[in-house]
Amino acid sequence: MSMLTIGAFARACRLSPKALRLYDELELLRPARVDPDTGYRYYAVEQLERARLVAWLRRLGMPLASIREVCALEPAAAAREIRAFWARVEAETAERRDLAGFLVDHLAATAAVPGKDTTMLELRYSAHSDRGQVRPTNQDTAYAGARLLAVADGFGPAGGPASSAAVEALRFLDTEEVSAGNVLNLLEEAVRGATDAVRDVADPEENGTTLTALLWTGSKLALVHIGDSRAYLLRGGGLFRITHDHSVVQSLIDEGRLTAEEAGSHPQRSLLLKALTTGAPDLKLHDSRRGDRYLLCSDGLTGVVPEHRIRELLAAGRDPEETVRSLVDAANAAGGPDNISCVVADVV
């Protein structure tokens, strides 16, 4: 067996001798031989591949405990774990990017210069909820007001009361003046109240609801989201999803184990990882521009109407009420297997 000193091995694998000594102590990368008299470490040439993998994973920012697990796997399984780790990193980076953008915009607005455009913006909106073609009852709730837009999709025997309670608990926000700097705190507190309201009307062991809502400050929209209802932004002709599904199939897509096309027919596509009473919601702040159009909807729309068709209907130039009706009609024309709720709001 060809042996390398710790210095030569460190240069070959781009790990420092100090790191190699640490990995020895952690039993992550043990030397092939240790001199019993001097304690000097020697490594086999065959260990270079594992050492380089460790070095690469450290450069990715993977914790040592996770690296140990990955190094113990077969190559195919290791590749899946690395893919899943990186998907989590990208999701966390996106959240930090949104927060950084909010802070930059908030501080810049605080130091606004004289002569800044002070054009007043407001929302024009419409909401509609439909039972669909198959379900015996409607467990969705949709609401649209001058400041608050919301969609909730209930599930379980008391899913209807659950979704209604969640939205009703937020409705006080529609009449409350709120500044952009305080809107996320206010929304987070309101969602805690909505969670308590759902628990009061429905056993959380059997029932629950998604919740996707936007709160308007006059210049920005604060988003709260949990579950698989969605929010979209139509801007400049492009359609952008601004929520991330908290569902089993979305987690498989994030990990690279499922394609978006395969997700549509997956047997677990309706299983949620989080709902209002079982997890923490996403909270974000979005800058709005004149001409923006927002869509909030339950999966009764997105489950049967493809995004390219949703974009076409949103961009067709109709007012919010006509657009909402056209979206619901499209879902029903596709079979309407679930309740359908849509809220459309224009920034004008």
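As a basis for the values below, the full set of heavy atoms in this structure was taken, side chains included, without hydrogen atoms, waters or symmetry mates. This one's a predicted model, so the numbers in the text were calculated from it and none came from an experiment.
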So how far is it from [X] [atom1] to [Y] [atom2], rounded to the nearest 0.5 Å?
{"X": "H244", "Y": "K284", "atom1": "NE2", "atom2": "NZ", "value": "8.5 Å"}
{"X": "L271", "Y": "H246", "atom1": "CG", "atom2": "NE2", "value": "15.5 Å"}
{"X": "L313", "Y": "I310", "atom1": "CG", "atom2": "CD1", "value": "8.0 Å"}
{"X": "L29", "Y": "Y23", "atom1": "CG", "atom2": "OH", "value": "9.0 Å"}
{"X": "L121", "Y": "D346", "atom1": "CG", "atom2": "CG", "value": "12.0 Å"}
{"X": "T277", "Y": "I226", "atom1": "OG1", "atom2": "CD1", "value": "8.0 Å"}

Taking everything shown except [X] itself, do over 12 heavy atoms lie less than 6.0 Å from its [atom1]?
{"X": "R289", "atom1": "CZ", "answer": "no"}
{"X": "R83", "atom1": "CZ", "answer": "yes"}
{"X": "R14", "atom1": "CZ", "answer": "no"}

Give a yes or no answer on whether the side chain of [X] reaches the backbone of [Y] with a donor-acceptor pair at less than 3.5 Å.
{"X": "S66", "Y": "M62", "answer": "no"}
{"X": "Q139", "Y": "G156", "answer": "yes"}
{"X": "D319", "Y": "E322", "answer": "yes"}
{"X": "S164", "Y": "P161", "answer": "no"}
{"X": "N339", "Y": "T137", "answer": "yes"}
{"X": "R131", "Y": "R135", "answer": "yes"}

Can you give me the closest heavy-atom contact between [X] and [Y], atom names plus distance?
{"X": "D245", "Y": "Q250", "result": "O-CG, 3.3 Å"}
{"X": "V167", "Y": "A152", "result": "CG2-CB, 3.8 Å"}
{"X": "A158", "Y": "N207", "result": "N-OD1, 2.5 Å"}
{"X": "D287", "Y": "Y294", "result": "O-OH, 3.8 Å"}
{"X": "L314", "Y": "L239", "result": "CD1-CD1, 3.7 Å"}
{"X": "P320", "Y": "V344", "result": "CB-O, 3.7 Å"}

For the pair [X] and [Y], find out whether any cationic side-chain nitrogen is under 4.0 Å from an anionic carboxylate oxygen.
{"X": "D292", "Y": "R235", "answer": "yes"}
{"X": "E307", "Y": "R230", "answer": "yes"}
{"X": "R309", "Y": "E312", "answer": "yes"}
{"X": "R171", "Y": "E168", "answer": "yes"}
{"X": "R147", "Y": "D174", "answer": "no"}

For S129 and S341, which I'm curious about, is there any donor-acceptor pair between the side chains at under 3.5 Å? yes
Donor + acceptor pair across side chains of E321, Y125 (<3.5 Å): no
Worked verdict on Y42 versus T5 for side-chain contact (heavy atoms from CB on, under 4.5 Å): CA-CA 5 Å; Y42 294 89; T5 65; 4.0 Å; yes
Scan the side chains in residues 15-22 for donor-acceptor partners under 3.5 Å anywhere in the protein, sequence neighbours excluded, and list what turns up.
residue : atom : partner : partner atom : Å
S16     : OG   : A19     : N            : 3.0

In a check of side-chain hydrogen bond (donor to acceptor under 3.5 Å, both in side chains) between H225 and each of T210, D282, T212, which one passes? T212
